[in-house]
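Report on the structure given below.
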Amino acid sequence: MDERLNFVQRMAILTELVQRLGEVGRTSLMKLAYLLQTVKQVPLGYRFQFYLYGPYDPQVLSDVSVAEFWGALQEEYHAYGCDSYGYKIRPTEEASRLTEMEHETVQRYREAIEWAVQEFGNYNAAQMELIATLVWIDREFFWKSRKTTMRDLVQAVRNLKPHFSEREVEQIANNLHQKGILLSVVSK
Amino acid sequence: MSKVYEIRCPIHGFIELDEWEWEIINQPAFQRLRRIRQLGLTDYVYPGAMHTRFEHALGVMHIATRLYDAIVQRSGELLKSEFRYNDDGLRKDRRVVRLAALLHDVGHAPLSHAAEELMPRRDRDTFYRHEDYTAAIIRTALREAIENHPINATNYHIKADEVASLIEGSAELPRRLLFWRDLISSQMDADRMDYLLRDSYHAGVRYGVYDLDRLVNTVCAIAHERESTRQIVIGVSEDGWHAAESLVLARYYMFTQVYFHKTRRIYDYHIVEAMRKALPNGQLPPPDEQGIREFLQWDDWRFLGTIQAGQAGEHGKRIIERRHYRAIYSTAETPTPDEWELFNAIEAKLSAAGIPYYADSAEKQAWYNLEEMEIVVSRAHAAPVLLSTISHPVRNLRGIQQQRLYVPPEQRRQAEEIVAEVKPNG
């Protein structure tokens with residue numbers, strides 16, 4: 001049977017994340033939700049698929065929009081110069097009302113939320129995309145019972161994200177490996 | 001010169017296939033789609049909605065090809081510089097995309113998405129999905145037809161694994177195929193473009209009608225930067241954004257009026273429970289070598305036959321007798337916190353009173369989920385933007401989380417009394 005959290009519980013977890021971070025972009029929040037579900041097995045029930053911009057499930061943004069309707073979150077569009085844009089999500093003064101409504105759920109997954117904030121709270125959107133892509137590929141190798149080397153994993157990621165240098169990918173991949181987040185890597 | 005076959009389609013006119021594709025669709029695994037209805041038992045509400053996955057698969061291939069050709073024509077130089085394409089490469093990938101579009105649904109269970117709940121666990125945290133079955137079927141039952149046809153052997157050398165990986169969305173796909181995957185599964189994919197028009201036509205409604213030709217005329221590849229990440233995505237040019245808007249709204253109307261219709265939804269529940277009774281072990285076999293052979297034996301005909309033979313339990317009987325559970329309470333499409341509390345209170349009272357009930361939510365219908373449509377619009381004299389920043393209707397669409405409670409018709413009156421008791425006046 002499907003034991004996924006309901007939409008209110010999910011909104012509470014996302015809101016708690018945003019409260020802890022103070023402010024977060026859509027990409028980062030999407031990837032944090034992916035990591036919570038995939039690495040920490042928080043049963044968010046999202047159905048992530050892999051795109052060029054990494055793991056993505058639009059249900060995450062749907063939950064944010066309902067949380068906004070409930071007055072817990074606020075989303076603002078920002079243009080960065082002439083060429084780039086993003087959305088910033090912030091908690092409102094009413095955010096605690098939602099997290100209190102699902103106090104038990106938030107407490108149950110407090111450790112996982114804390115982990116996400118501590119481990120990834122300082123990364124930017126591009127780095128979060130890279131981290132989530134590394135974990136996705138790692139899990140794909142793992143499900144196929146394929147043991148891999150760090151070099152192969154890094155190469156697989158760079159094939160998809162050529163704008164990252166080998167050094168950048170290696171650094172983040174090694175960091176994830178040291179924290180025990182990667183399952184398929186057996187050697188360098 | 002390869003022979004060209006034409007199949008009539010009520011939506012697209014003539015759909016063309018060559019000898020290679022003709023052989024593929026004549027395989028038993030593909031012909032099975034003639035026996036899988038697109039919308040389950042939606043004909044219980046809209047009697048015309050008897051169309052099958054077979055015609056839909058052809059339609060998706062047709063639209064995917066139109067989109068592919070339009071993008072290559074309009075954005076060829078960008079594609080060549082970004083992915084190092086030459087003309088031969090573009091021709092080959094056109095065939096890969098066409099095949100993926102044609103075969104994207106071969107892994108559907110009987111009565112389509114309803115039965116997805118009966119797919120077994122893949123691991124502790126995830127369940128198999130129809131895409132996993134599709135990929136397995138392509139790699140096994142359809143491999144020979146894909147790889148060994150002379151047209152492929154001479155000209156393209158396409159492997160079944162490439163087609164399967166494109167549908168699965170494997171991260172091992174070459175970057176250029178991940179780009180094209182957006183035509184199979186994304187906010188602007190050929191799948192939804194076909195099913196909106198087709199479902200609308202067969203249901204006899206107009207909600208799903210949008211300007212497909214204008215979308216094809218304006219679709220393009222766009223290089224855009226979002227939160228300091230640059231990617232190439234499929235979007236529309238500036239003069240096509242209203243057509244993109246019409247696609248988003250069509251999806252919203254079809255979702256709320258057809259796919260999430262209260263009676264249509266409860267029959268999905270009855271189908272699942274009836275199939276649970278009819279299937280060995282109460283679930284579909286996994287998509288491994290033996291399991292896929294068993295899976296391919298299941299289609300609507302077989303399942304409806306088990307209902308007819310009285311082998312699908314109480315819910316099978318309800319389906320035959322049209323004695324479905326009735327909705328006694330429904331929140332708004334996006335419920336408020338108060339409505340959510342009221343819903344929970346009614347549910348608790350029904351449980352305390354010993355009344356069997358079913359609690360449905362819009363998100364259980366993830367396959368036709370109405371998500372935020374992040375369609376990118378290119379602009380001649382400025383950076384690309386998201387459709388939601390220039391379209392007020394799209395910007396103001398919220399996630400749909402409508403919740404409903406259903407009870408057996410025999411207990412409807414008692415349940416409605418409970419609702420009246422719990423619900424505040426006015």
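Order of the sequence lines sets the chain letters (A, B, ...), proteins ahead of strands, with each chain counted from 1.
A:Pro162 touches chain B through its side chain: at least one heavy atom from C-beta onward sits under 4.5 Å away, while N, CA, C and O do not. Residue A:Val157 does not touch chain B at all, counting heavy-atom pairs closer than 4.5 Å. For A:Phe164, no part sits under 4.5 Å from any heavy atom of chain B, backbone or side chain. For B:Arg176, no part lies under 4.5 angstrom from a heavy atom of chain A. Looking at A:Asn6, both its backbone and its side chain come within 4.5 Å of chain B, counting heavy atoms on both sides. Using a 4.5 Å cut-off between heavy atoms, A:Arg139 does not touch chain B at all. Within the 4.5 angstrom heavy-atom criterion, no atom of B:Gln283 approaches chain A.
Side chains of B:Gln402 and B:Ser330: a donor-acceptor N/O pair is present below 3.5 angstrom, by distance only.
The side-chain contact (heavy atoms from CB on, under 4.5 Å) search around A:Glu76 returns A:Gln74, A:His78, A:Arg90, not counting sequence neighbours.
You'll find the side chain of B:Arg265 reaches within 4.5 Å of the side chain of B:Tyr358, heavy atoms only. Side-chain contact between B:Arg175 and B:Glu82: present, with at least one pair of heavy atoms (C-beta onward) separated by less than 4.5 Å. Looking only at side-chain heavy atoms (C-beta outward), B:Leu386 and A:Tyr87 come within less than 4.5 Å of each other.
Of the listed residues (A:Gln37, A:Met101, A:Arg10), the one with the most heavy-atom contacts under 4.5 Å to chain B is A:Arg10.
A donor-acceptor contact shorter than 3.5 Å is absent between the side chain of B:Asp189 and the backbone of B:Asp182.
Salt bridge present: A:Glu129 and A:Lys161 bring a charged side-chain N and a carboxylate O closer than 4.0 Å.
Within residues 159-170 of chain B, the residues that have a heavy atom under 4.5 Å from a heavy atom of chain A are B:Gly169, B:Ser170, listed by number.
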